[in-house]
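In what follows, every heavy atom counts, from backbone to side chain, and hydrogens, waters and symmetry copies are set aside. Quick caveat, the model's predicted, so the values are computed rather than measured.
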Amino acid sequence: MKYFGKKVITLIMTLFLVSVAAFLAFQVIPGDVVTSILGTEATPEMEERLREELGLNDPPLTRYLHWVGDVLKGDLGVSYRYSKNMNERMPVAELIGDKLPVTLWLAFISLVLIVAVSIPLGVLWAGSASRTGGRAGRLGHVLDVSLGVITQAAMAVPSFFLGILVTYIFGIVFQVFQPGGYIRYQDNFPGFLGYLLFPALSIALPKIAMTARFLRNAMLTEMKADYVRTATSKGAGRNRVLYGHVLRNAMMPVVTFLGMIIAEVVAGSIVVEQVFGLPGIGRLLVSSISTRDFPVVEILILYITFVVIFVYFLVDILYRVIDPRISEK
């Protein structure tokens, strides 16, 4: 319980500090939300009326405390930029609630691809790299070098270019999906998932390469440990040593690495959402920053912060499941 208490306190303090930093950043960056909304042709009277409506005439500390008080009561405020109609501004909770499922489903599909492909690939790669002598050793060396070149290339390609490449190959050449033809999950859920498969592939490919390479190196390091020689000398077979001992211990650093990837993907894949025209929170964050829509940006930053901290918390828990000795420290 003491451990969980520390984590909760860390989460609360981090969210508070991040919210303050985001608020202060909006006070110093150039640009004016009133000008962004009304344009340069607005009269001073129109600008003053809008400032009063948005509460921008209050001192910064008063605005921040008012915002914090509303958030603690469950009121995330209203967007400066988005409106339901001419007379009613869009609530931030409703605005984000419409975008968040897109990002979460994109993250889920990406993570399924990453884990389902990278773990078996990393094990296969480590097994081939560890073989020596004979025909099996030569084939293992060829596979080791080939996978090294392929994963290095996948890691080197920028995500925006990879998204364009996936769009060109699967959308234009093979015509498996229609580029830019996003299908809303409210209208056609299977079609929505089918469209997300391709941006998810763009996200997953570099991460698969990194995870597989990381697991391969971790397993090769574990294969040199004393316990592997002991297990082999006692008559344990290669597969039993590889899957029963080496893989389990090699997964410790890989879990941390996967935690970083999960936090990054769930927080929002801004570039990929832009390339494929997905109305997710990454795209919403970019547009809200450009229009100085503070209430939306502040909540999205807190969301990203919460996701990162929570994922690392889950990684700590998983550590204790994989290696119970950690719980005793």
Are any non-hydrogen side-chain atoms of [X] and [Y] less than 4.5 angstrom apart?
X      : Y      : answer
Leu205 : Leu113 : no
Leu220 : Ser130 : yes
Leu196 : Phe192 : yes
Leu143 : Leu124 : yes
Val71  : Leu76  : yes
Asn57  : Glu48  : yes
Val102 : Tyr182 : yes
Leu95  : Leu284 : yes

Work out which heavy atom in [X] is nearest to a heavy atom in [Y]; give both atom names and the distance.
X      : Y      : answer
Gly163 : Ser202 : CA-OG, 3.5 Å
Ala200 : Leu106 : N-CD1, 3.5 Å
Ser19  : Trp67  : CB-CZ3, 4.1 Å
Ile96  : Leu300 : CD1-CD2, 3.8 Å
Ile301 : Ala22  : CD1-CB, 3.8 Å
Ala212 : Leu121 : CB-CD2, 3.9 Å

Check for me, please, whether [X] and [Y] land in the same ILVMFWY cluster - side-chain distances under 4.5 Å, paths through other members count.
X      : Y      : answer
Leu17  : Ile9   : no
Val149 : Val117 : no
Met13  : Phe306 : no
Val166 : Val112 : yes
Met210 : Val315 : yes

| query | Do the two ring centres, one from Trp105 and one from Phe189, sit under 6.0 Å apart? | reply | yes
Within this structure, what is the [atom1]-[atom2] distance for the pair [X] and [Y], rounded to the nearest 0.5 Å?
X      : Y      : atom1 : atom2 : result
Asp98  : Tyr185 : CG    : OH    : 4.5 Å
Leu162 : Phe160 : CG    : CZ    : 10.5 Å
Phe214 : Met251 : CZ    : CE    : 10.5 Å
Leu15  : Ile309 : CG    : CD1   : 5.5 Å
Leu50  : Tyr80  : CG    : OH    : 9.5 Å
Leu197 : Phe177 : CG    : CZ    : 9.5 Å

Between [X] and [Y], is there a donor-acceptor pair closer than 3.5 Å when you use the side chain of the first and the backbone of the second?
X      : Y      : result
Ser128 : Trp125 : yes
Ser118 : Thr211 : no
Arg283 : Gly277 : yes
Tyr195 : Phe276 : yes
Arg63  : Asp58  : yes

| Is Glu53 paired with Arg89 through a side-chain N to carboxylate O contact shorter than 4.0 Å? | yes
With a 6.0 Å cut-off (strictly less than), is the heavy-atom count around [atom1] of [X], excluding the residue itself, greater than 12?
X      : atom1 : result
Phe108 : CZ    : no
Tyr227 : OH    : yes
Met260 : CE    : no

| Residue pair Phe26, Val297: steps toward the side-chain contact (heavy atoms from CB on, under 4.5 Å) verdict | CA-CA 10 Å; Phe26 258 77; Val297 174; 3.6 Å; yes
| message | Go through it in stages, so that I can follow the logic: the residues are Tyr64 and Val20, the test is side-chain contact (heavy atoms from CB on, under 4.5 Å), and I'd like the CA-CA distance, side-chain angles, deciding distance and then a yes or no. | response | CA-CA 8 Å; Tyr64 176 76; Val20 172; 3.3 Å; yes
| task | Determine whether the side chains of Tyr82 and Thr291 contain a donor N or O and an acceptor N or O closer than 3.5 Å. | result | no
| request: Walk me through it: do Tyr312 and Val308 pass the test side-chain contact (heavy atoms from CB on, under 4.5 Å)? | output: CA-CA 6 Å; Tyr312 284 144; Val308 172; 3.6 Å; yes
| task | Sorted by first residue and then second, give each salt bridge (Lys or Arg N to Asp or Glu O under 4.0 Å) pair with at least one member in residues 209-228; sequence neighbours left out. | result | Asp144-Arg216, Asp226-Arg229
| said: What verdict does the side-chain contact (heavy atoms from CB on, under 4.5 Å) test give for Leu314 and Ile262, after you've listed the backbone C-alpha separation in whole Å, the side-chain angles of each residue and the deciding distance to 0.1 Å? | reply: CA-CA 11 Å; Leu314 292 182; Ile262 292 172; over 6 Å; no
